[in-house]
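Below is one structure, written out as structure tokens, with a few remarks after it.
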Amino acid sequence: MSCIRPLLAASIIAMTMIQAPREAKAQWIVFDPNNYVQNVLTAARELQQINNQITSLQNEAQMLINQAKNLASLPYSSLQQLEQSIQRTQQLLSQAQRIAYDVQQIDRAFSTTYAPASASMSDGLLVANAQTRWQNSVAGLQDAMRVQASVVGNLDANRTQMSALVTASQGAAGALQASQAGNQLLALEAQQLADLTATVAAQGRAQTLESAQRAAAQEQGREQLRRFLSPGQNYQSTNVQMFH
């Protein structure tokens, strides 16, 4: 009996020693390589998605910036200067002397002053019409030279506007600015064509008045020659008492 008790005690101690490490092992952290790899891949995919979202937001922001540039107006405008040039030319045309650019006034002049000379016209009327025609021709030449002087004066302003518009077009930030610069260049070209049209019209008016004067003068010359050569009352001598 005395031998059994020591053996029982030794068995209990041994079982206790065997069970103690098992309970300690249950508290250890277990490392799973497969699970770790899956977690890393999942984090990498989420990070890539975040990067993609950031890139997408950056692209959208850049697109908005580009749209804002495309909608930005051109800071330079030559419209006022072009309108002033056209107004000066129009004003000179409206100030045409004597026979202006008016159809009714032209018809009246060619039915009176430039009408063919007839036998019913007096010598005084023929002379007056000839003088009026000469004055009209001189006025037409003066008006043409005034328009030409105005057009030449616009050349320097047009050169400045063209240089500024080309510079603005080359430095345009967006499509709208480039389009506006192009439109203003077209407006400048239209203004130059208007100056050219005014010059041609004024020069043509002066040449037409000069041609009309020559034609009327030839007709009047034939009438005056006819009157000179037409038979009239012969000269009859009379007695004149010179001294008392």
Side-chain angles (χ1 to χ4, degrees), residues 46-107 109 136-212:
E46 292 178 353
L47 181 60
Q48 184 62 37
Q49 291 178 356
I50 293 174
N51 291 333
N52 293 337
Q53 292 176 356
I54 292 175
T55 302
S56 177
L57 292 175
Q58 289 176 346
N59 293 334
E60 291 178 359
Q62 187 63 40
M63 182 177 63
L64 293 175
I65 293 173
N66 294 334
Q67 290 179 353
K69 290 181 179 179
N70 288 331
L71 296 177
S73 299
L74 191 69
Y76 178 79
S77 176
S78 62
L79 179 60
Q80 183 177 1
Q81 291 81 356
L82 296 178
E83 287 181 344
Q84 291 177 354
S85 298
I86 294 177
Q87 288 176 358
R88 285 194 298 268
T89 304
Q90 289 179 337
Q91 185 177 5
L92 288 176
L93 293 177
S94 64
Q95 293 175 354
Q97 306 174 71
R98 306 181 74 83
I99 300 179
Y101 300 93
D102 182 80
V103 176
Q104 295 180 354
Q105 187 177 2
I106 293 172
D107 290 340
N136 291 342
S137 298
V138 174
L141 293 173
Q142 182 182 6
D143 292 338
M145 294 184 67
R146 293 178 63 194
V147 173
Q148 292 170 2
S150 176
V151 171
V152 171
N154 289 337
L155 291 178
D156 186 63
N158 291 342
R159 180 189 59 79
T160 303
Q161 298 299 327
M162 183 179 299
S163 177
L165 289 173
V166 171
T167 302
S169 176
Q170 292 176 346
L176 180 59
Q177 289 188 359
S179 176
Q180 290 178 340
N183 291 337
Q184 292 189 45
L185 285 171
L186 291 177
L188 176 60
E189 181 180 356
Q191 184 266 328
Q192 292 174 338
L193 290 176
D195 280 351
L196 179 60
T197 302
T199 303
V200 172
Q203 185 66 28
R205 172 175 174 265
Q207 292 177 353
T208 301
L209 289 174
E210 183 67 20
S211 299

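On a predicted model such as this, the values are computed, not experimentally measured, just so you know.
Note that the OG atom of Ser94 and the CD atom of Gln87 stand 11.0 Å from one another [nearest 0.5 Å]. Residue Leu82 holds its CG atom at 7.0 Å from CG of Asn158, rounded to the nearest 0.5 Å. Rounded to the nearest 0.5 Å, atoms CG (Leu193) and CG (Leu188) are 9.5 Å apart. Atom CD1 in Ile86 sits 14.0 Å away from atom CD in Gln91 (nearest 0.5 Å). Expressed to the nearest 0.5 Å, how far CG of Leu155 lies from CE of Met162 amounts to 10.0 Å. The line from CG of Asn183 to OG of Ser77 is 11.0 Å long, rounded to the nearest 0.5 Å.
Partners of Ala139 under the side chain to side chain contact (heavy atoms under 4.5 Å, CB included) rule, at least two apart in sequence or in another chain, are Gln97, Arg98. Residues satisfying the side-chain hydrogen bond (donor to acceptor under 3.5 Å, both in side chains) criterion with Gln192, sequence neighbours excluded, are absent altogether. Leu196 pairs by the side chain to side chain contact (heavy atoms under 4.5 Å, CB included) definition with Val200, not counting sequence neighbours. Taking the salt bridge (charged side-chain N to carboxylate O under 4.0 Å, His left out) definition, one finds that Asp143 meets it with Arg205, sequence neighbours left out. For Gln105, the side chain to side chain contact (heavy atoms under 4.5 Å, CB included) partners at least two apart in sequence or on another chain are Ala100, Asp102, Arg108. In this structure Ser150 satisfies the side-chain hydrogen bond (donor to acceptor under 3.5 Å, both in side chains) test with no other residue, sequence neighbours excluded. A search for side chain to side chain contact (heavy atoms under 4.5 Å, CB included) contacts involving Ala168 returns Leu74, not counting sequence neighbours. Partners of Ser137 according to the side-chain hydrogen bond (donor to acceptor under 3.5 Å, both in side chains) rule, which considers only residues two or more places apart in sequence or in another chain, are Gln213. Not counting sequence neighbours, the partners of Gln203 by the side-chain hydrogen bond (donor to acceptor under 3.5 Å, both in side chains) test are Gln148.
Residue pairs meeting the salt bridge (charged side-chain N to carboxylate O under 4.0 Å, His left out) criterion with at least one member in residues 148-169, sequence neighbours excluded, are Asp156-Arg159. The stretch residues 161-172 participates, sequence neighbours left out, in these side-chain hydrogen bond (donor to acceptor under 3.5 Å, both in side chains) pairs: Tyr76-Gln161.
Proximity of a side-chain donor or acceptor of Thr199 to a complementary backbone N or O of Asp195 within less than 3.5 Å is detected.
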TODO: Go through the steps to decide whether Gln142 and Val138 satisfy the test side-chain contact (heavy atoms from CB on, under 4.5 Å), and finish with yes or no.
DONE: CA-CA 6 Å; Gln142 182 182 6; Val138 174; 5.6 Å; no
Open item on the list: Determine whether Gln95 and Arg146 satisfy the following criterion, side-chain contact (heavy atoms from CB on, under 4.5 Å), listing intermediate values before the conclusion.
Closed with: CA-CA 10 Å; Gln95 293 175 354; Arg146 293 178 63 194; 3.0 Å; yes
TODO: Test Leu79 against Gln184 for side-chain contact (heavy atoms from CB on, under 4.5 Å), laying out the working first.
DONE: CA-CA 7 Å; Leu79 179 60; Gln184 292 189 45; 5.9 Å; no
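Between Ala96 and Tyr101 the shortest heavy-atom distance is CB-CE1, 3.9 Å. In plain terms, the two heavy atoms of Ala198 and Leu93 that are nearest each other are CB-CD1, 3.8 Å.
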